[in-house]
Amino acid sequence: MLPHLHPLPRSFYLRSTLTVAKDLLGKLLVRKIGPKLLVGKIVEVEAYLGRRDPASHAYRGKTKRNEVMFWEGGHLYVYFTYGMHFCANVVTGREGIGEAVLLRAVEPLAGLEIMKRNRGLRPNANVYDLTNGPAKLCEAFDIGRTENGSDLLSDSVMIAQNRGGEREVVVATTRIGIRLGTEHRWRFHLKNNPWVSRR
DNA sequence: TAGTTGATCGTCT
DNA sequence: GACGATCAACTAA
C-alpha cells in the first residue's frame with residue numbers, strides 16, 4: 001500500500017530555503033511510533049529566512065530555544081508556543097545558517113484513526129480538522145519536545161518522496177500569524193487542497 | 001461570515 | 001512582565 005518509504009537525501013535540504021519550501025509540497029511526512037505508522041502529504045508550508053527575516057525565530061541569532069534552526073539542514077525544529085501548542089519546522093541549508101520551513105498542514109494518508117485519537121477527536125470527526133494547521137498536525141503526529149532536533153533521515157520522523165504523485169499547482173501568499181515580514185509571499189500551498197488552513 | 005477572546009507557559013526583554 | 005510562526009469557542013449581524 002505504501003511501498004518505498006525512503007527518506008529524502010541530505011542534499012535535498014542543503015539548498016535555498018525558498019526552493020526547499022516549494023519542493024516540500026507533495027512530499028510525505030512519515031512518523032513511526034513502534035508498530036504504528038502515520039503518513040501525511042505536505043500541502044502547506046512557510047519559509048523563515050533566519051537572520052534576514054524579522055519574522056523568524058533566528059532573526060536575533062542563536063538562543064537555547066532556536067538552537068536547532070542553526071544545525072545542518074534535514075533536522076526537525078520543534079517549538080512550544082501560546083502555552084499549549086507545538087509547531088514543527090524542517091531545518092534548511094548548511095550548519096550555522098539558521099533557516100527553516102514551517103510545516104503548516106498535511107493531507108492524512110495513513111494512520112487516520114491514530115491521528116484522531118492523538119487529537120482527542122471523536123471517531124466520526126471531520127477529517128479536514130485533523131491536520132489543517134501547524135499545531136494540529138503536530139498533535140496528530142504526536143510531535144513534541146522529544147522530537148526537537150530529530151534527524152529527518154532517521155526512522156521515527158522522516159520526509160519521503162511521494163511516488164506517483166503528479167505535479168500540482170503551487171500558490172504563494174503572505175505568511176500567517178506574524179507582525180513583521182508581511183510583505184513577503186513566503187507561504188506556499190497546493191491549490192484547492194481541502195487540508196490547507198484558512199481557505 | 002467576520003470579528004473577538006480565553007486558554008496557558010516558555011522565552012526573551 | 002509581555003507576548004507569541006495557534007486553536008476553539010463565542011458573539012454579532
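Letters A, B, ... mirror the listed sequences (proteins, then strands); counts begin at 1. No experiment lies behind these values; they were computed from the predicted model shown.
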Participant: For C:dA8 and A:Arg119 - does any side-chain N or O of the residue sit under 4.0 Å from the phosphate oxygens OP1/OP2?
Facilitator: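 Yes, because at least one side-chain N or O of A:Arg119 sits under 4.0 Å from OP1 or OP2 of C:dA8.
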
Participant: So which one's nearest nucleotide on DNA chain B is more toward 5', A:Arg60 or A:Arg145?
Facilitator: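 With A:Arg145 and A:Arg60 compared, the 5'-side residue is A:Arg145.
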
Participant: Identify, between A:Ala88 and A:Asp129, the residue whose nearest nucleotide on DNA chain C lies closer to the 5' end.
Facilitator: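 The residue closer to the strand's 5' end, by nearest nucleotide, is A:Ala88.
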
Participant: Please work out whether the ring planes of A:Tyr77 and A:His57 are parallel, tilted or perpendicular, with thresholds of 30° and 60°.
Facilitator: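 Rings of A:Tyr77 and A:His57: perpendicular, over 60°.
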
Participant: For a quick test of reading the model: is some side-chain N or O of A:His57 closer than 4.0 Å to OP1 or OP2 of C:dA5?
Facilitator: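 Affirmative; the distance criterion is met.
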
Participant: Once you apply a heavy-atom cut-off of 4.0 Å, does A:Arg175 come out as touching a base, just sugar-phosphate, or nothing?
Facilitator: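 Nothing, no heavy atom under 4.0 Å.
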
Participant: Please pick, from C:dA8, C:dT6, C:dA5, the nucleotide with the shortest atom-to-atom distance to any side-chain atom of A:Lys136.
Facilitator: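 Between C:dA8, C:dT6, C:dA5, the one nearest the side chain of A:Lys136 would be C:dA8.
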
Participant: Within this structure, what is the CZ-to-C1' distance between A:Phe188 and C:dA5, rounded to whole angstrom?
Facilitator: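 These atoms are roughly 15 Å apart.
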
Participant: When the distance from CZ of A:Phe86 to P of B:dT8 is rounded to whole Å, what number comes out?
Facilitator: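 Between P of B:dT8 and CZ of A:Phe86: 15 Å.
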
Participant: Distance check: side-chain N/O of A:Thr81 vs OP1/OP2 of C:dT6, anything under 4.0 Å?
Facilitator: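 Looking at the OP1 and OP2 atoms of C:dT6, neither is under 4.0 Å from any side-chain N or O of A:Thr81.
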
Participant: So which atom in A:Met69 and which in A:Ala100 form the shortest heavy-atom distance, rounded to 0.1 Å?
Facilitator: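 So the two residues come closest at CE-CB, 3.8 Å.
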
Participant: Using Watson-Crick or G-U wobble geometry with both distances below 3.5 Å, tell me the partner of B:dG6, or none.
Facilitator: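 Looking at the geometry, B:dG6 pairs with C:dC7.
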
Participant: Using the side-chain heavy atoms of A:Ile178, tell me which of these nucleotides is nearest: C:dA5, B:dC9, C:dT6.
Facilitator: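 Looking only at side-chain atoms, A:Ile178 lies closest to C:dA5.
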
Participant: Has A:Arg179 got a side-chain N or O lying under 4.0 Å from the OP1 or OP2 atom of C:dG4?
Facilitator: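 For A:Arg179, the contact criterion (side-chain N or O under 4.0 Å from OP1 or OP2 of C:dG4) is met.
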
Participant: Return the 5'-most residue of the pair A:Gly83, A:Leu121 with respect to DNA chain C, ranking by each residue's nearest nucleotide.
Facilitator: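 Looking at the nearest nucleotide for each, A:Gly83 comes out on the 5' side.
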
Participant: Roughly, in whole Å, what's the span from OH in A:Tyr128 to P in C:dA8?
Facilitator: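 These atoms are roughly 17 Å apart.
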
Participant: Is the shortest side-chain N to carboxylate O distance from A:Glu168 to A:Lys191 below 4.0 Å?
Facilitator: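 No, this pair does not count.
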
Participant: Could you work out which one of C:dC7, C:dA5, B:dT13 sits closest to the side chain of A:Asn89?
Facilitator: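 Out of C:dC7, C:dA5, B:dT13, the nucleotide with an atom closest to A:Asn89's side chain is C:dA5.
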
Participant: By centroid distance (under 5.5 Å) and plane angle (under 30°), are A:Tyr82 and B:dA7 in a stacked arrangement?
Facilitator: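 Base of B:dA7: not stacked against A:Tyr82.
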
Participant: Checking all strands, does A:Ala55 fall into the base, sugar-phosphate, or nothing category for heavy-atom contacts under 4.0 angstrom?
Facilitator: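 Base contact.
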
Participant: In terms of side-chain heavy atoms, does A:Arg185 have a donor or acceptor partner in A:Thr174 at a distance below 3.5 Å?
Facilitator: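 Side chains of A:Arg185 and A:Thr174: no pair found under 3.5 Å.
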
Participant: Does either side chain, that of A:Asn132 or that of A:Lys136, offer a donor lying less than 3.5 Å from an acceptor on the other one?
Facilitator: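 The answer is yes; a qualifying pair exists.
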
Participant: Report which part of the nucleic acid A:Leu102 touches: base, sugar-phosphate, or nothing (heavy-atom distance under 4.0 Å, all strands).
Facilitator: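 Base contact - A:Leu102 has a heavy atom under 4.0 Å of at least one base atom.
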
Participant: In whole angstrom, give the distance that lies between atom CG of A:Leu137 and atom C1' of C:dC7.
Facilitator: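 The answer, rounded to whole Å, is 13 Å.
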
Participant: Side chain of A:Met84: nearest nucleotide among C:dT6, B:dT8, B:dT13?
Facilitator: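 Side chain of A:Met84 sits closest to B:dT8.
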
Participant: Can you tell me the distance, in whole Å, between the CG atom of A:Leu180 and the P atom of C:dC3?
Facilitator: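 Those two atoms, CG and P, are 13 Å apart.
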
